[in-house]
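I have placed the structure first, in the form of structure tokens, so that the comments after it can refer back to it.
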Protein chains: 2
Amino acid sequence: MTLFKRSKLLWFSLLGFALLATLLQANAYAAHPNLVITTSDVDKMREAVTQPGRFTDEYKKVRARVDEQISQPIVVPVPKDGGGGYTHERHKKNYQIMYDAGLIYQISQERKYADFVRDMLLEYANLYPTLDVHPKRKVKAQNPGKLFWQSLNEAMWLVYTIQAYDLIYPALSTSSAEKIEQDLLTPVAEFLSVGQPSTFNKVHNHGTWATAGVGMTGYVLDKPEWVEIALYDLEKSGKGGFLKQLEMLFSPQGYYNEGPYYQRFAMLPFVTFGKAIENNEPDRDIFGYRDGVLQKAIDTTIQLSYNGLFFPINDAIKSKGTDTIELVHAVTIAYGRTGDTGYLDIAREQDQIILSGDGLKVANALDKGLATAYDFRSVAFGDGHDGKQGALVIMRSDINGEQALLFKPAAQGLGHGHFDKLTWQFYDLGNEIVSDYGAARFLNVEAKYGGRYLPENESYAKQTIAHNTVVVDEASHFNGNVERANQHAPTLAFFETNQYGSVASAHIDTAYDGVDMSRLLALVTLPELQQTIAIDIFDVVSDAEHQYDLPLYYQGQFIDSNFPLDAHTNTLSALGDNNGYQHLWLQAQSQPSEGLAKVTWLNDNGRFYTQTSVVNGDEQFLFTQLGANDPNFNLRNEKAVIRRVAGQKRHQFVSVLEPHGEYNPSKEYTLGAISRISDVSLSEQEALILVTLDFGEVKYLVAVNTATSADSDTEQSFNYQNLSYSLKGRLATYVIENNQE
Amino acid sequence: MTLFKRSKLLWFSLLGFALLATLLQANAYAAHPNLVITTSDVDKMREAVTQPGRFTDEYKKVRARVDEQISQPIVVPVPKDGGGGYTHERHKKNYQIMYDAGLIYQISQERKYADFVRDMLLEYANLYPTLDVHPKRKVKAQNPGKLFWQSLNEAMWLVYTIQAYDLIYPALSTSSAEKIEQDLLTPVAEFLSVGQPSTFNKVHNHGTWATAGVGMTGYVLDKPEWVEIALYDLEKSGKGGFLKQLEMLFSPQGYYNEGPYYQRFAMLPFVTFGKAIENNEPDRDIFGYRDGVLQKAIDTTIQLSYNGLFFPINDAIKSKGTDTIELVHAVTIAYGRTGDTGYLDIAREQDQIILSGDGLKVANALDKGLATAYDFRSVAFGDGHDGKQGALVIMRSDINGEQALLFKPAAQGLGHGHFDKLTWQFYDLGNEIVSDYGAARFLNVEAKYGGRYLPENESYAKQTIAHNTVVVDEASHFNGNVERANQHAPTLAFFETNQYGSVASAHIDTAYDGVDMSRLLALVTLPELQQTIAIDIFDVVSDAEHQYDLPLYYQGQFIDSNFPLDAHTNTLSALGDNNGYQHLWLQAQSQPSEGLAKVTWLNDNGRFYTQTSVVNGDEQFLFTQLGANDPNFNLRNEKAVIRRVAGQKRHQFVSVLEPHGEYNPSKEYTLGAISRISDVSLSEQEALILVTLDFGEVKYLVAVNTATSADSDTEQSFNYQNLSYSLKGRLATYVIENNQE
């Protein structure tokens with residue numbers, strides 16, 4: 001930033017109007033603060049904290065926290081530790097303190113807060129020029145930082161710190177500002193941009209943090225050039241940079257290619273820099289970019305959750321959900337922009353107010369009780385930048401409890417993607433029922449492989465056998481090759497949701513050479529029984545004979561099977577040698593005879609679940625527990641039942657998942673512990689799939705129209721057992737017998 | 001009941017005063033209702049429901065439930081199913097409906113409720129005389145019922161039903177009452193008393209239900225004889241019956257010999273019949289019996305809980321806690337009697353109001369906000385009817401979180417007792433940390449061994465290796481012989497709680513021939529570090545060489561050990577053949593070298609826990625997972641680390657349990673994942689045990705006075721490293737170095 005900006009008042013008095021106009025143009029980003037929070041926001045916040053309410057409560061809370069922290073000595077340690085270690089955590093804590101103290105300075109106008117931030121920045125300005133790259137940097141894979149072991153953390157540091165600097169700028173002397181800009185902010189911004197072109201230009205969330213940090217620094221330090229490279233890449237080619245990231249990393253519906261865990265993580269720099277662009281250069285209409293993809297991305301992140309937690313696809317830590325700080329910021333900005341009171345529902349659950357202009361709007365609206373229920377929908381999110389590289393499908397029902405079915409004919413999602421084409425998950429009454437391992441990682445726990453992704457993340461969690469989808473010949477999809485996987489997404493044949501439930505079908509023929517896999521999943525409501533069921537039809541077809549394995553990872557205690565188990569009681573062996581199989585202990589196996597094979601388990605939510613499979617006598621059922629070849633006890637000991645057929649060219653796996661009953665040992669009753677389904681039959685009439693389900697009291701016919709040409713308006717008639725039926729759209733159910741009282 | 005009781009009014013007008021006096025004497029239990037609820041209670045309840053408040057809310061809730069149920073047809077099925085089956089659950093539901101409808105009749109005075117109960121009772125009166133013993137009765141072990149597979153359920157049915165009958169009695173015609181009494185209530189009471197002398201006379205909770213049912217029926221049907229046999233046994237010898245049960249089943253402090261799970265279960269007939277005796281025959285001063293043991297028993301049951309759940313010792317289902325209906329009744333009666341506002345704290349957590357006179361008092365007090373914190377104490381409950389057959393020790397701390405340590409030098413506790421002398425459990429932040437399996441049972445789940453105790457309850461859950469105590473030569477305490485175990489309890493050497501924490505020591509030399517086992521456990525608070533630790537010193541001494549195993553069942557994910565593990569990665573075998581060992585898979589072993597052996601795990605509560613053991617190089621550490629020889633997947637797959645020494649005459653196991661740090665993946669930070677203890681040393685000076693603990697910043701000396709003669713007033717001086725210290729009572733800590741900032 002140049003001298004003439006810093007002594008504006010003096011110049012204004014010396015120069016005439018014409019010159020002033022020129023100056024304002026040259027100095028486009030004049031006011032401080034003007035990133036996420038503007039001077040006008042500050043005025044409103046100062047006014048707000050004179051009144052009681054959520055905003056004032058939060059302000060007092062943050063101020064008390066800041067007061068406690070600024071009473072401590074400033075500690076800016078020489079970087080030494082990796083993730084989770086002392087210096088790592090200290091530097092993370094520091095940028096948070098600076099950000100908070102900057103906010104409190106602006107709202108309270110008490111100088112001590114600004115002075116604290118200034119002093120810490122000056123310490124950083126003393127330290128930073130002395131630093132080489134971090135001693136604990138990873139040898140390969142990612143770029144190192146200086147304050148942190150990876151530059152990703154350095155970029156996050158800058159995103160917070162530049163906002164803190166912007167907030168306290170009005171309180172700085174010229175010399176302090178110069179030192180901080182020259183010895184700290186400029187070197188950090190340069191280190192993260194020209195210093196690491198591969199990261200900065202990368203169309204990837206690490207690139208987003210870097211471009212957000214550098215671009216916002218450009219606004220504050222009055223370096224339009226930095227804003228330009230942040231938006232268009234170092235060469236201003238438009239092949240990288242923030243806009244390319246917005247274009248390539250999100251689908252048109254705002255689905256982020258790596259899945260919700262990383263979408264959540266990526267949202268913060270997107271919405272932060274987006275809001276800063278909006279405030280500094282509204283003409284860029286950043287929130288209108290790509291038909292409003294930023295706004296859609298925020299909404300999609302919320303849709304990708306169940307019971308407050310994100311669906312744990314790909315590398316995902318399961319405890320992350322909509323109450324993470326990234327989503328609090330995103331939801332706040334979304335409400336600020338749209339005024340959609342459904343966001344207040346999420347904000348209320350988050351129970352955290354952001355001290356910003358938008359945060360004030362949220363607080364006021366919550367104070368007034370304006371929240372309305374957020375609308376969680378059944379929806380298929382097209383994957384890939386064009387939305388055509390497969391899809392992530394969510395089906396929901398709340399007829400009895402609150403069910404969600406996730407179907408994943410999605411693209412690979414880059415390096416954090418799992419080889420799990422066409423897998424599914426099921427949720428009910430707040431819990432995982434049919435589950436996914438997520439990532440094998442103990443975040444920041446040094447003793448667990450330095451807090452990084454564990455080796456078992458590669459050897460197990462990413463492998464196909466770790467998921468609820470078909471494994472051919474014990475090899476993972478695409479042979480576990482990421483590059484090949486990134487080239488080939490499944491195809492979503494159709495998705496529809498209507499009064500009867502939701503149905504989707506997808507296929508892929510590139511996961512294995514010469515094998516075509518297609519799956520149809522339906523979440524069907526049966527109001528007569530106050531029941532939801534999931535129907536799963538998985539077809540594998542090949543010209544050659546293969547072994548096909550289809551696991552179902554169930555959460556809960558095994559209760560019963562309607563076929564005898566041959567259990568390995570005195571010794572256990574690993575199921576296989578490679579591709580994740582080496583981590584599975586084979587506990588028992590069975591070959592149920594033709595008919596319905598049932599496996600029932602009891603979830604912690606107190607409900608029973610039965611998978612009823614239609615079998616022909618050629619399937620083995622293998623019962624496994626995770627934990628073999630895990631010498632450091634890194635894995636959770638999850639359980640699966642794997643259906644296996646060997647030496648077959650084609651096979652159809654058909655099953656129905658049925659939630660039922662209640663186990664209540666506290667109140668000492670157990671109801672409906674036994675599956676009610678006594679018969680399942682499947683037939684086809686051209687493109688129609690007909691499934692009959694006999695629940696004893698009620699007998700249903702479920703019809704699905706799989707015709708390529710069909711849509712939700714298509715009407716079709718068909719006959720079944722001498723009766724004629726009419727089907728509108730893709731899915732319908734019919735009560736063909738009802739003996740209820 | 002005789003005719004002259006039923007037409008009192010007529011008689012009163014015909015007879016003179018003298019005769020009336022005689023009558024009143026003969027007919028001591030005249031008014032209806034007069035069991036738990038009296039006519040005076042009814043008056044107050046009728047008044048109460050005209051006002052808003054908790055009581056009226058509950059009344060409306062129950063009335064709505066009853067309205068819904070009496071709109072259904074009455075179903076009194078012929079008994080057919082065992083526990084959890086349809087007819088079993090239906091008859092349970094019926095007695096609950098009758099009880100509720102009786103209440104609503106008394107409060108609302110609407111005849112339809114009484115009519116409904118009458119009609120159901122008449123159906124039962126038609127059915128009962130036709131019944132033989134239940135078809136699903138157990139072949140051995142327990143007495144059969146007629147309506148239910150076991151007479152225990154039949155007694156429970158009578159306890160509820162006789163109250164329902166008492167409540168609707170004023171609405172009955174003479175003929176209905178006669179039929180119900182002659183064909184139903186009398187036969188049931190006779191079946192449960194003279195029909196099953198062994199159960200009725202047994203000093204056991206099954207006997208309590210039977211005597212309560214029969215005794216209350218005596219009050220209602222005006223059969224003082226039945227009250228007498230209920231109180232003193234069939235022969236009125238006083239060797240059995242309710243009073244003997246009160247005398248023998250509880251310790252003087254009100255600890256129930258079988259443990260809290262069964263104490264909770266037993267409380268309902270005790271407090272119900274107790275209250276009925278109090279209301280009918282106040283002169284018996286039943287609540288004053290044995291220095292108020294009934295009241296103490298209620299209080300003790302609450303003390304035996306952590307985070308709302310009972311400590312799961314012996315056969316216990318872990319989800320049972322203070323919100324069970326038995327405790328709601330007990331706490332209600334306790335508050336009604338004492339007015340102690342601490343009970344309101346529990347009542348508030350229970351969130352359920354009983355429709356009774358005492359329930360009205362609770363509701364009014366809660367409405368007025370009178371609840372005060374219930375005082376959970378560190379306490380040693382003497383076991384056995386004389387309180388001298390060992391003890392159950394609870395130590396509590398809330399310096400950082402909320403810790404509880406349970407130490408169990410208790411008596412065997414009859415047939416549901418476990419062979420776990422001197423075991424311990426540890427709790428923190430609401431969760432189990434060092435745990436006990438509890439009972440192996442899926443209550444009322446037919447598919448799991450008919451919902452009864454599983455075979456694995458005997459083969460594993462009761463065995464010593466399933467607990468955190470020493471196993472000698474892979475045999476269980478008392479060789480698993482209940483009769484022998486019932487003869488020999490451990491001895492509590494001392495227990496004290498003071499400002500430094502709590503400490504207890506106990507020993508037993510009868511669990512194994514020729515082996516003396518003694519254990520000292522202390523829960524010590526270290527305020528300088530905002531830290532609680534548990535110190536465990538377990539001595540085994542014998543003249544012969546033995547193998548000693550000491551398991552620690554830890555709840556959570558293994559994180560790290562400071563010694564290398566030799567893991568069985570590709571095949572697993574069971575650890576042994578018998579006494580529970582056959583159910584343990586041996587996952588890894590190690591022989592740590594001399595010094596401190598640390599094992600760290602991460603609990604779901606987000607906190608790390610490290611067991612730091614002082615080892616001499618002669619201990620093996622075995623890492624096990626439960627699940628071997630479990631062909632029906634009946635067991636939970638819990639984990640243990642077992643310390644083993646072989647071929648030794650004596651051994652001292654010393655360890656410190658240290659809660660530390662926080663894992664917060666949602667907010668992305670991990671703090672203090674590594675144990676802070678760098679040194680533990682143990683020395684003795686005559687009866688003084690001195691433990692030094694080096695936490696780096698702070699170094700502590702912990703002193704315990706084990707002298708037989710010492711008590712909490714004993715003062716003793718001692719020298720340690722040339723400094724002199726003074727110890728008052730049993731336990732103290734001293735900061736011997738403090739380098740904190």
Would the distance check show the side chain of [X] and the main-chain N or O of [Y] forming a donor-acceptor pair, the cut-off being under 3.5 Å?
X: B:Lys448; Y: A:Asp560; answer: no
X: A:Tyr663; Y: B:Asn444; answer: no
X: A:Lys320; Y: B:Pro665; answer: yes
X: A:Gln557; Y: B:Phe633; answer: yes

Short N-O contact, B:Arg264 and A:Glu668, less than 4.0 angstrom | yes
Considering residues, nucleotides and ligands other than [X], do more than 12 of their heavy atoms fall under 6.0 Å from its [atom1]?
X: B:Gln69; atom1: CD; result: yes
X: A:Leu565; atom1: CG; result: yes
X: B:Asn307; atom1: CG; result: yes

Measure distances from [X] to the heavy atoms of chain A and classify the residue's part below 4.5 Å as side chain, backbone, both or neither.
X: B:Asp577; result: neither
X: B:Lys639; result: side chain
X: B:His568; result: backbone
X: B:Arg636; result: both
X: B:Asn637; result: side chain
X: B:Ile674; result: neither

Considering only heavy atoms from C-beta outward, does the side chain of [X] approach that of [Y] to under 4.5 Å?
X: B:Thr670; Y: A:Glu89; answer: no
X: A:Phe608; Y: B:Val445; answer: yes
X: B:Ile325; Y: A:Lys667; answer: no
X: A:Asp323; Y: B:Ser666; answer: yes

Select, from [options], the one with the greatest count of heavy-atom pairs under 4.5 Å involving chain A.
options: B:Gln582, B:Lys318, B:Gln587, B:His88; value: B:Gln587
options: B:Tyr669, B:Tyr86, B:Phe442; value: B:Phe442
options: B:Asn570, B:Asp566, B:Ile317, B:Leu671; value: B:Asn570
options: B:Ser561, B:Ala567, B:Pro631, B:Ala673; value: B:Pro631

Among A:Glu446, A:Lys92, A:Gln625, which residue forms the greatest number of heavy-atom pairs with chain B at distances under 4.5 Å?
-> A:Gln625
Of the listed residues (A:Ala588, A:Ser573, A:Gly661), which shares the most heavy-atom pairs with chain B below a 4.5 Å separation?
-> A:Ser573
Nearest-0.5 Å distance that lies between atom CG in B:Leu572 and atom CG in A:Leu572 = 5.0 Å
So which part of A:Asn632 gets closer than 4.5 Å to some heavy atom of chain B, the side chain, the backbone, both or neither?
-> backbone
